[in-house]
Visitor: 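A single structure is presented below for examination.
Below, read A as the first sequence line, B as the second, and so on, with proteins coming before strands; counting in each chain starts at 1.
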2 protein chains.
Amino acid sequence: MRRPDARPLYVQVEAILNDRIVSGSWKSGQAIPAEPELAAELGVSAGTLRRALAGLERRHLIERRQGRGTYVAQQTSQQALGQFFRVRNLAGRPVEPETLITGITTGPASEEEARRLRLAPGEAVHRIDRSRVFEGEPRIAERISLPAAFFPNLLLPLAPKQLGTEIYVHYRNAHGIIVVQAEENLSATAATEADSAVLGCPVGTPLLLIERVTFDAAGRPVELRVSRLDTRAHRYAVEIA
Amino acid sequence: MRRPDARPLYVQVEAILNDRIVSGSWKSGQAIPAEPELAAELGVSAGTLRRALAGLERRHLIERRQGRGTYVAQQTSQQALGQFFRVRNLAGRPVEPETLITGITTGPASEEEARRLRLAPGEAVHRIDRSRVFEGEPRIAERISLPAAFFPNLLLPLAPKQLGTEIYVHYRNAHGIIVVQAEENLSATAATEADSAVLGCPVGTPLLLIERVTFDAAGRPVELRVSRLDTRAHRYAVEIA
DNA sequence: CGTCTTGTGTCTTATACAAGACTGTGCGAC
DNA sequence: GTCGCACAGTCTTGTATAAGACACAAGACG
């Protein structure tokens, strides 16, 4: 007979540890047990455990510091920005966005929202409309759609204050949702009147349209974000390795 | 006194093996010595060697096949496409582009070409103008600029035949240049008359402008490519992990 | 304020076995 | 005799274990 679980041991261990983080039994920022101790608890060798930890580190779920210990990653605004925010100025430097919330609503999912977020048609979603301001100029108009089931009524009361900064930090701290991956589809589109009003560009200006679906550590889609970027003074940077 | 080379041993080994591939002493597609043999030759343990090999595999410089051996990666058209070509149709599926060469010239580098390719002002570059055709429709107009120093007069005689397919394969086979990394800057722009003629879209149609600089395994910029993508039926897909 | 000790992650080595891939042998069918 | 197939042997990479030296961080101690 074969092993009950054919996956390599280090993969299984990684899944176990991933679960501990996702389920919240290891909390954000907390130190996890030392390697020898953890290896003993799980009944695997130190090497196997280290291989599993390397996987978690690659996905930014933990941070390892030689001499100090290993910690469940604390999603800071800085990190979330570096990890997910790809807008640069013309000199190639990252920009520090400010945020202006322009509206928050809740309603049934549109066809596209349901499809991208894998929801049943008509399921409730929260929508946040906001603009992002770089160096004093509004450059992005975006709408964020969230499955209401994942973000129960908590959302609305907080409003602009928490949602102004990088929103993923808020997801994590308030809802225990750990964002680890995103898929984006880019295209070009012409500025509508609404875009023009928000971004201060002429109607018809070519904009970079970014459609992002974000996934949590359990692989569930947790956010649909449609951004319209005015590229007259900024670029979207991609590294291909 | 410290170690002469403070980098970890596995990093040093990876650099050595990287050099063997870049310098051509291990040729594309060739099998490299078996792990125990190579480890002995380099005077390191099997574990250390394996860690170095893992790094090379991650950068697609080698391919390892259990039971068969480890081979210097052969850049096939398929691979190059999967690795560097991010255009998808509206269903999210990769497209198979055909290519139409519209012009090949050589001349002194423009200011931008010199800056992006790290050339002295006025150094010679080859330029290839071509369009890429998806499902019968031309969707990309692009210009590829290559430092003439890296691609000596070989280039012109070959012309459309070899340059039609994925060009990176040609780089590798004919010039020994191994492409491993690229940086892209994306923005939106309006179709010019020239774009309109090539792509068959109205002047002013928003296009996705892709400015790519490609680097070889030694870290040198070897290509500047400016592509203009008609996004009416296609998207540029990015995965963020 | 420097030094020591302790606890942590990092690197390197060594060994064993598992699993995939190829080769050749030998047996049986025809 | 020759073809075809099963199977053992052997070479390869992949997985897992164990042990020790090392480097870094923090706190205790003098």
Side-chain angles (χ1 to χ4, degrees), chain A residues 1-18 20-21 26-74 79, chain B residues 1-18 20-21 26-74 79:
Chain A
M1 96 166 185
R2 304 306 221 161
R3 260 179 302 169
D5 185 345
R7 291 179 303 167
L9 192 47
Y10 67 89
V11 174
Q12 301 176 42
V13 171
E14 181 174 343
I16 292 172
L17 301 182
N18 185 74
R20 292 199 184 175
I21 296 172
W26 282 348
K27 302 217 185 314
S28 191
Q30 182 184 338
I32 74 175
E35 289 181 4
E37 187 182 336
L38 190 50
E41 182 212 322
L42 295 168
V44 303
S45 72
T48 300
L49 173 64
R50 279 186 63 74
R51 198 160 171 183
L53 291 174
L56 296 174
E57 186 179 32
R58 192 169 33 76
R59 294 192 292 145
H60 304 105
L61 283 173
I62 60 173
E63 287 174 15
R64 317 171 74 183
R65 274 175 283 183
Q66 183 175 173
R68 292 199 51 183
T70 300
Y71 298 81
V72 179
Q74 207 155 8
Q79 279 182 326
Chain B
M1 89 165 187
R2 302 307 219 162
R3 258 180 305 170
D5 187 344
R7 292 179 301 168
L9 192 48
Y10 68 90
V11 175
Q12 301 175 43
V13 171
E14 181 175 342
I16 291 171
L17 301 182
N18 186 75
R20 291 197 185 178
I21 296 172
W26 282 348
K27 303 216 182 316
S28 192
Q30 184 184 337
I32 74 176
E35 289 179 6
E37 187 182 336
L38 190 50
E41 182 212 321
L42 295 169
V44 302
S45 71
T48 300
L49 173 65
R50 280 187 62 78
R51 194 156 173 186
L53 291 175
L56 296 175
E57 186 178 33
R58 192 170 33 77
R59 294 192 293 145
H60 303 105
L61 284 174
I62 59 172
E63 286 174 16
R64 318 175 72 184
R65 274 175 285 182
Q66 183 177 146
R68 293 201 50 183
T70 301
Y71 299 80
V72 179
Q74 208 157 5
Q79 277 183 327

Visitor: Between protein and nucleic acid, restricted to nucleotides 5-8 of chain D and to nitrogen or oxygen atoms under 3.5 Å apart, what atom pairs and distances do you find?
Guide:
none

Visitor: Over all strands shown, is A/E35 touching base, sugar-phosphate only, or nothing at heavy-atom distances under 4.0 angstrom?
Guide: base
Visitor: Go through the steps to decide whether A/R59 and A/N18 satisfy the test side-chain contact (heavy atoms from CB on, under 4.5 Å), and finish with yes or no.
Guide: CA-CA 10 Å; A/R59 294 192 292 145; A/N18 185 74; 2.9 Å; yes
Visitor: Would you please name every residue forming a salt bridge (Lys or Arg N to Asp or Glu O under 4.0 Å) with A/R20, sequence neighbours left out?
Guide: A/E41
Visitor: Within this structure, what is the CD-to-P distance between B/E37 and D/dT12, rounded to whole angstrom?
Guide: 7 Å
Visitor: Who are the side chain to side chain donor-acceptor pair (under 3.5 Å) partners of B/T70, not counting sequence neighbours?
Guide: none
Visitor: Check each of A/I32, A/L42, A/L61 against A/L17 using the side-chain contact (heavy atoms from CB on, under 4.5 Å) test, and report the only one that passes.
Guide: A/L42
Visitor: Run the side-chain contact (heavy atoms from CB on, under 4.5 Å) check on A/R50 and A/R64 step by step: do they pass?
Guide: CA-CA 11 Å; A/R50 279 186 63 74; A/R64 317 171 74 183; 2.9 Å; yes
Visitor: How close or far is atom C1' of D/dT12 from atom CZ of B/R65, stated in whole angstroms?
Guide: 12 Å
Visitor: How long is the line joining CD1 of A/I32 and C1' of C/dG7, in whole Å?
Guide: 15 Å
Visitor: Measure CZ/B/R7 against C1'/D/dC22 and give the value in whole Å, please.
Guide: 19 Å
Visitor: Evaluate the side-chain contact (heavy atoms from CB on, under 4.5 Å) criterion for residues B/E14 and B/L56: first the C-alpha distance (whole Å), next the side-chain angles of each, then the deciding distance (0.1 Å), finally the verdict.
Guide: CA-CA 7 Å; B/E14 181 175 342; B/L56 296 175; 3.8 Å; yes
Visitor: Note the angle between the end axes of the helix from C/dC1-D/dG30 to C/dC30-D/dG1, five pairs defining each, rounded to 10 degrees.
Guide: 10°
Visitor: How far apart are the C-alpha atoms of B/E35 and B/L53, what are their side-chain angles, what is the distance that settles it, and do they pass the side-chain contact (heavy atoms from CB on, under 4.5 Å) test?
Guide: CA-CA 9 Å; B/E35 289 179 6; B/L53 291 175; 4.0 Å; yes
Visitor: Any idea which of C/dT10, C/dC11, D/dT12 is nearest the A/R64 side chain?
Guide: C/dT10
Visitor: For B/R58, what residues pass the side chain to side chain contact (heavy atoms under 4.5 Å, CB included) criterion, not counting sequence neighbours?
Guide: none
Visitor: Under the side chain to side chain contact (heavy atoms under 4.5 Å, CB included) rule, collect the residues that match up with B/P36, sequence neighbours excluded.
Guide: B/A34
Visitor: How many Å lie between CD on B/Q66 and P on D/dT13, as a whole number?
Guide: 10 Å
Visitor: Under the side chain to side chain contact (heavy atoms under 4.5 Å, CB included) test, which residues partner A/S28, sequence neighbours left out?
Guide: A/Q74, A/R172
Visitor: Report the residues that fulfil side chain to side chain contact (heavy atoms under 4.5 Å, CB included) with A/R51, sequence neighbours left out, ordered by chain and then residue number.
Guide: A/Y10
Visitor: Could you list all N or O pairs between the protein and nucleotides 22-25 of chain C that sit under 3.5 Å apart?
Guide:
from   : atom 1 : to    : atom 2 : distance (Å)
C/dC22 : OP1    : B/R68 : NE     : 3.3

Visitor: Picking from D/dT15, C/dG20, C/dT12, which would you name as closest to the side chain of B/Y10?
Guide: C/dT12
Visitor: Just verifying a value: how many Å separate A/L9 CG and A/T48 OG1, rounded to the nearest 0.5 Å?
Guide: 5.5 Å
Visitor: Mind checking what makes side chain to side chain donor-acceptor pair (under 3.5 Å) contact with B/Q30, not counting sequence neighbours?
Guide: none
Visitor: List for me each residue that meets side chain to side chain donor-acceptor pair (under 3.5 Å) alongside A/R65, sequence neighbours excluded, and say none if there are none.
Guide: none
Visitor: What are the residues of residues 41-62 of chain A, sorted by number, that bring a heavy atom to within less than 4.0 Å of DNA chain C?
Guide: A/R50
Visitor: Atom CG of A/L9 and atom P of C/dA16: how far apart are they, to the nearest Å?
Guide: 20 Å
